Amino acid sequence: MERVNHTVTEFILLGFTQDPLMQLVLFLLFLLVYSVTVVGNITLVVLICMDSLLHTPMYFFIGNLSFLDLWYSSVYTPNNIVTYISEDRSISFAGCLTQFFFSAGLGYSECYLLTAMAYDRYMAISNPLLYAQVMSSRLCVGMVVASYLGGFINSTIITTETFTLTFCGDNVIDDFFCDLPPLVKLACNVKDSYHIVLYFLLASNVLTPIVLILTSYIFIIAAILRIRSTQGQLKAFSTCSSHLISVTLYYGSILYIYYRPSSSYSLQQDKIVSLFYTVVFPMLNPMIYSLRNKDVKEAMKKLFKKTAS
């Protein structure tokens with residue numbers, strides 16, 4: 001059926017379900033997840049700022065990751081919470097553009113930040129004596145700033161390219177946020193040049209960081225194997241196990257969405273996977289980096305003692 005070409009002023013986000021009971025369940029679930037995300041990430045940032053023992057390059061990156069995850073989750077979850085308790089599922093064109101811009105910017109920034117954290121773990125394991133000297137405060141701040149700059153510069157490009165497309169009549173997005181695949185599906189003038197830009201940005205912001213992270217871990221494994229004692233090897237590996245879990249969960253879900261064959265496309269599966277890396281993953285990160293970390297546990301005990309006294 002030929003779609004009518006006219007200016008779209010708003011989009012309709014269908015979300016997960018139209019059933020009132022399930023909407024209530026999802027409202028409570030999203031509210032719980034967002035509350036845990038906010039409390040967990042803020043607590044981790046506060047601990048890292050207050051405890052002098054956590055003033056190291058590794059925890060500096062973890063603190064910035066928590067700050068980014070807090071912001072990242074806030075792009076999606078509050079809007080979903082409001083949607084499930086109201087009848088209005090519309091989002092303005094400007095609102096969709098804004099959500100898309102910050103979604104891409106923060107997502108790309110997280111890719112770069114996880115890459116910087118891989119380099120940090122490589123330096124800590126391969127050159128422990130020179131670690132503090134090499135990973136200076138200036139370098140760490142520069143890597144974090146570069147992560148955000150790279151993320152939002154690329155986000156500006158993809159947002160401009162996407163929202164200058166012509167949307168042909170249909171403004172219904174069968175998703176819970178303004179994501180790239182459903183928006184492109186609504187457009188009627190997608191040119192080859194757009195796909196070239198899209199694949200270039202996805203390659204530079206996702207595939208390139210993955211290659212750099214894998215390279216870092218090849219050198220990390222080589223450095224661990226040079227350690228003579230088994231206990232020393234296990235201790236060295238434990239320092240990067242949390243980061244490895246984060247990378248696997250985050251990149252695994254992104255690669256599933258954007259780099260699988262089109263023949264395996266499933267809208268419902270895509271929603272669930274998107275939900276994981278946009279909403280659930282920011283909640284899990286503080287747990288990954290605190291429950292497996294003795295220093296963070298000790299810092300939390302100190303904070304509780306100060307609060308109690």
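Just so you know, these numbers come straight off a predicted model, no measurement behind them.
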**OP:** For Ser241 and Ser238, indicate whether the former's side chain and the latter's backbone hold a donor-acceptor pair under 3.5 Å.
**Re:** yes
Subject >> N/O donor-acceptor pair under 3.5 Å between Lys271 side chain and Phe176 backbone >> reply: no
**OP:** Please identify each residue that fulfils disulfide bond (SG atoms under 2.5 Å apart) with Cys96, with sequence neighbours left out.
**Re:** Cys178
**OP:** Heavy atoms only: give me the nearest Glu161-Val197 pair and the separation to one decimal.
**Re:** CG-CG1, 4.1 Å
Original post:
Above 12 or not: heavy atoms from other molecules or residues under 6.0 Å from CG of Asp192?
Top reply: no
Could you list the donor-acceptor pairs under 3.5 angstrom formed by side chains in residues 42-51, with sequence neighbours left out?
residue	atom	partner	partner atom	Å
Thr43	OG1	Val39	O	2.6
Asp51	OD1	Leu53	N	2.9

**OP:** Would you check if the side chain of Asn127 reaches a backbone N or O of Leu130 as a donor-acceptor pair within less than 3.5 Å?
**Re:** no
Original post:
Are more than 12 heavy atoms from other residues, nucleotides or ligands located less than 6.0 Å from atom CD of Gln18?
Top reply: yes
Show me the donor-acceptor pairs within less than 3.5 Å that the side chains of residues 110-118 make with the rest of the protein, sequence neighbours left out.
residue	atom	partner	partner atom	Å
Tyr112	OH	Asn154	ND2	3.3
Tyr112	OH	Asn205	OD1	2.6
Thr115	OG1	Cys111	O	2.8

Subject >> Qualifying residue for ring pair (Phe, Tyr, Trp, His ring centres under 6.0 Å) with Phe163, from Phe101, Tyr194, Phe100 >> reply: Phe100
Original post:
Which residues satisfy the ring pair (Phe, Tyr, Trp, His ring centres under 6.0 Å) test with Tyr122, sequence neighbours excluded?
Top reply: Phe219
Subject >> Backbone of Phe60 reached by a side-chain donor or acceptor of Asn64 within 3.5 Å >> reply: yes
**OP:** Assess whether salt bridge (Lys or Arg N to Asp or Glu O under 4.0 Å) is satisfied between Asp174 and Lys185, documenting all intermediate values.
**Re:** CA-CA 10 Å; Asp174 193 1; Lys185 189 177 180 181; over 6 Å; no
**OP:** Taking Thr83 for its side chain and Arg89 for its backbone only, find out whether a donor-acceptor pair lies under 3.5 Å.
**Re:** no
**OP:** Indicate the atoms forming the closest heavy-atom contact of Phe167 with Leu183, along with that distance.
**Re:** CE2-O, 3.4 Å
Original post:
Taking all atoms of both residues into account, what is the closest heavy-atom pair of Ser90 and Glu10, and its distance?
Top reply: CB-OE1, 3.7 Å
Original post:
Would you say the side chains of Asn80 and Tyr34 form a donor-acceptor pair under 3.5 Å?
Top reply: no
Subject >> Tyr217: ring pair (Phe, Tyr, Trp, His ring centres under 6.0 Å) partners, not counting sequence neighbours >> reply: His243
**OP:** In sequence, state the C-alpha distance, the side-chain angles, and the governing distance for Leu165 and Val190, and then conclude on side chain to side chain contact (heavy atoms under 4.5 Å, CB included).
**Re:** CA-CA 7 Å; Leu165 297 172; Val190 182; 4.3 Å; yes
**OP:** Check the pair Tyr289, Ser246 against side chain to side chain contact (heavy atoms under 4.5 Å, CB included), reporting the backbone distance first and the verdict last.
**Re:** CA-CA 9 Å; Tyr289 287 101; Ser246 291; 3.2 Å; yes
**OP:** Taking disulfide bond (SG atoms under 2.5 Å apart) as the test, write out the residues that go with Cys240, two or more places apart.
**Re:** none
Subject >> side chain to side chain contact (heavy atoms under 4.5 Å, CB included) between Leu180 and Leu198, intermediate numbers included >> reply: CA-CA 10 Å; Leu180 184 64; Leu198 176 62; 3.1 Å; yes
Original post:
How about Ser274 and Thr278: does a side-chain donor come under 3.5 Å of a side-chain acceptor?
Top reply: no
Subject >> CZ/Phe67: more than 12 non-hydrogen atoms of other groups inside 6.0 Å >> reply: no
Original post:
What is the minimum heavy-atom distance between Ile227 and Gln233, and which atoms define it?
Top reply: O-NE2, 2.9 Å
